Chemist: 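Got a structure for you, written out below as structure tokens; questions coming shortly.
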Number of protein chains: 2
Amino acid sequence: MRARPNQKIALEADPAEAIFVRTGLLVLRTELPDKRRQILNLLYPRDIFRTSFSPPLPEAALAAAVASEIWRVPSNTFETLANSDPCLGALLSRQLAAQQSRANLHVAAIGSLNGEERVASFLIELALRIGSTSPDGISFQIPLSRNDIADYLALNADTLSRIMSRLKARGIVVQKTRGRALVPDGKVLRDLSPITDALVALHGSAASIQAQHFSALA
Amino acid sequence: MRARPNQKIALEADPAEAIFVRTGLLVLRTELPDKRRQILNLLYPRDIFRTSFSPPLPEAALAAAVASEIWRVPSNTFETLANSDPCLGALLSRQLAAQQSRANLHVAAIGSLNGEERVASFLIELALRIGSTSPDGISFQIPLSRNDIADYLALNADTLSRIMSRLKARGIVVQKTRGRALVPDGKVLRDLSPITDALVALHGSAASIQAQHFSALA
DNA sequence: CGGAACGTTGACTGTCATCAATCTCTGTGG
DNA sequence: CCACAGAGATTGATGACAGTCAACGTTCCG
């Protein structure tokens with residue numbers, strides 16, 4: 001199943017349906033009664049989401065941040081898959097554990113970092129996930145709108161814009177076109193975030209290689 | 001295995017060991033380089049924690065908030081348990097999903113609520129989990145120190161103290177002894193939190209009853 | 001009794017949110 | 001091809017809320 005940017009992915013009646021991200025990027029978005037929005041989680045390729053992970057808030061929904069390809073796996077299919085092959089089952093549970101770990105790290109980021117550190121952490125995360133190294137530095141596409149980034153980092157969109165402007169003024173990030181960023185010197189950026197090491201462990205190439213193992217199996 | 005209050009529970013070398021909470025309350029605590037602390041998660045009885053859920057931060061550790069009884073389950077035992085009985089396996093995955101859901105709700109709380117709303121949400125959570133109703137209202141023990149509560153809610157301890165004082169001044173909570181609170185009128189408290197409904201869904205009696213099912217099986 | 005850890009309170013500071021105005025992109029239709 | 005509209009992004013002025021630092025209270029322990 002394909003999803004266009006900004007398309008919502010219905011969380012079906014099936015309370016334990018699994019959604020597997022093939023390509024693209026999904027966000028788990030909620031909205032509180034008084035229209036405060038929050039993005040709880042980013043789902044990268046190979047991530048697994050189950051409807052029952054969603055918090056019981058009225059407005060919780062998955063949405064595609066960019067064009068994405070996803071698989072919907074009915075709950076019983078998921079269970080039988082996991083049970084049929086112990087090796088696959090172990091991979092699934094490792095994948096889910098990694099996602100828990102990421103979620104916990106994100107709590108730490110939102111809970112104890114200031115605005116600039118959060119933004120830096122987010123940029124590092126993107127660079128690790130979807131960045132490509134070139135002679136000029138690390139460049140990557142920014143797959144979320146300013147509003148979505150702000151919601152993800154628990155910042156105000158205006159505040160986020162200010163922080164980005166400051167980073168640009170300092171030459172830490174360069175914005176070539178809308179939606180595309182270049183980090184000339186990765187080290188400087190890494191020094192801005194106190195959780196760089198953890199981000200590398202969870203989003204860096206080691207994590208990806210482990211995950212490719214996964215794809216091979218599937 | 002028993003743990004005294006404030007005792008740390010080592011996260012063993014075994015990267016996928018499971019810890020099962022029988023009684024008491026555990027906290028998942030981290031500390032950033034510059035000694036900013038953060039409690040990422042509360043683990044209530046029947047919760048499952050796996051070492052691999054912990055974020056890769058140097059200071060991440062489980063600690064008992066009150067006297068607790070826990071089981072350590074080696075990773076292979078855990079897997080075989082989950083696979084041996086499909087019914088048990090389903091229960092385990094439901095339990096883990098519920099914990100994900102709680103973690104996500106906590107992100108929403110920290111990310112979009114102000115101080116007073118966070119404290120109110122926390123009190124509601126405690127009341128639902130460990131509160132007992134009496135003619136005077138709902139009373140419960142406060143199982144965390146002020147510092148730990150502050151770290152859990154991503155607030156400063158001083159700020160938390162101020163908020164609590166304000167709630168006491170308004171008569172919304174009454175503190176009989178240190179470590180014990182009484183909420184005369186639950187409705188007033190519930191109105192202070194925008195996520196009351198979600199808290200009830202995840203911590204209320206319905207959730208507990210489902211969980212008892214679990215104990216019966218184990 | 002005395003000390004240490006924990007909690008409370010006040011004065012002050014800094015960061016982030018709010019509101020409003022302006023600017024920049026993107027896509028549409030004349 | 002240009003003009004226009006509308007969403008998204010930026011920026012400034014201002015204010016509210018939470019953090020910091022320091023002093024003082026309280027509780028619990030030996």
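Just so it is clear: chains get the letters A, B, ... in the order the sequence lines come, proteins before strands, and each one is counted from 1. Both backbone and side-chain heavy atoms feed into the values below; hydrogens, waters and symmetry mates do not. Every value quoted in this text rests on a predicted model; they were computed, and no experiment measured them.
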Chemist: Check whether any side-chain N or O of B:N147 sits under 4.0 Å from OP1 or OP2 of C:dC6, and answer yes or no.
Modeler: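 Indeed not, no polar side-chain atom of B:N147 lies that close.
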Chemist: Are B:S68 and B:R2 close enough that a side-chain donor and a side-chain acceptor fall under 3.5 Å?
Modeler: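 No - no donor-acceptor pair under 3.5 Å links their side chains.
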Chemist: Among D:dA22, C:dT18, D:dT27, which is the nearest nucleotide to the side chain of A:D158?
Modeler: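 Between D:dA22, C:dT18, D:dT27, the one nearest the side chain of A:D158 would be C:dT18.
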Chemist: What is the distance, rounded to the nearest whole Å, between atom CG of B:D151 and atom P of C:dC6?
Modeler: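 Those two atoms, CG and P, are 12 Å apart.
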Chemist: Classify the ring geometry of B:H203 against B:Y44: parallel below 30°, tilted from 30° to 60°, perpendicular beyond 60°.
Modeler: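 Because their plane-to-plane angle is over 60°, the rings of B:H203 and B:Y44 count as perpendicular.
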Chemist: For the pair made of CG in B:L160 and C1' in C:dT8, what is the distance, rounded to whole Å?
Modeler: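 For the pair B:L160 CG and C:dT8 C1', the rounded distance is 11 Å.
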Chemist: I need the CG-C1' distance between B:N114 and C:dT18, as an integer number of Å.
Modeler: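 Answer to the nearest Å: 15 Å.
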Chemist: What integer distance in Å separates A:I110:CD1 from C:dT15:P?
Modeler: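 About 20 Å, once rounded to whole Å.
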Chemist: Choose from C:dC6, C:dT24, D:dA18 the nucleotide whose nearest atom is closest to any side-chain atom of B:R178.
Modeler: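 Between C:dC6, C:dT24, D:dA18, the one nearest the side chain of B:R178 would be C:dC6.
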Chemist: So what does A:T159 hit on the nucleic acid, given a heavy-atom distance under 4.0 Å: a base, only sugar-phosphate, or nothing?
Modeler: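 Base: the residue A:T159, judged by heavy atoms under 4.0 Å, touches a nucleobase.
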Chemist: Before you tell me yes or no, could you show the steps for A:R37 and A:T30 under side chain to side chain donor-acceptor pair (under 3.5 Å), namely the whole-Å CA-CA distance, both residues' side-chain angles and the distance that decides it to 0.1 Å?
Modeler: CA-CA 6 Å; A:R37 289 191 317 163; A:T30 64; over 6 Å; no
Chemist: Consider the side chain of A:K168, meaning its heavy atoms from C-beta on, and name the nucleotide among D:dT10, D:dT11, C:dT18 that approaches it most closely.
Modeler: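 Nearest to the side-chain atoms of A:K168, counting from C-beta on, is D:dT10.
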Chemist: Between CG of A:L43 and CD1 of A:I9, what distance do you get to the nearest 0.5 Å?
Modeler: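 Between A:L43 CG and A:I9 CD1, I get 9.0 Å after rounding to 0.5 Å.
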Chemist: Return the value, rounded to whole Å, for the distance between atom CG of B:D34 and atom P of D:dG19.
Modeler: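 About 15 Å, once rounded to whole Å.
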Chemist: Take atom CD1 of A:I163 and atom P of D:dA9, then tell me their distance rounded to the nearest Å.
Modeler: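 Distance check: A:I163 CD1 to D:dA9 P gives 15 Å.
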Chemist: Mind calculating the distance between CZ (A:R118) and P (C:dC16) to the nearest angstrom?
Modeler: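 In whole Å, C:dC16 P and A:R118 CZ are 7 Å from each other.
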Chemist: For the side chain of B:R146, counting heavy atoms from C-beta on, which of D:dT20, C:dT9, C:dT8 is nearest?
Modeler: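 Taking heavy atoms from C-beta onward, the closest nucleotide is C:dT8.
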Chemist: Report the nucleotide, chosen from D:dT20, C:dT8, C:dC19, that has the shortest atom-to-atom distance to any side-chain atom of B:R162.
Modeler: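 Closest nucleotide among those given: D:dT20.
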Chemist: Do B:L96 and B:F53 make a side-chain contact, defined as non-hydrogen atoms from C-beta onward lying under 4.5 Å apart?
Modeler: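 Side-chain contact under 4.5 Å: yes.
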Chemist: How close or far is atom C1' of C:dT8 from atom CG of B:N156, stated in whole angstroms?
Modeler: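 So the two atoms are 12 Å apart, to the nearest Å.
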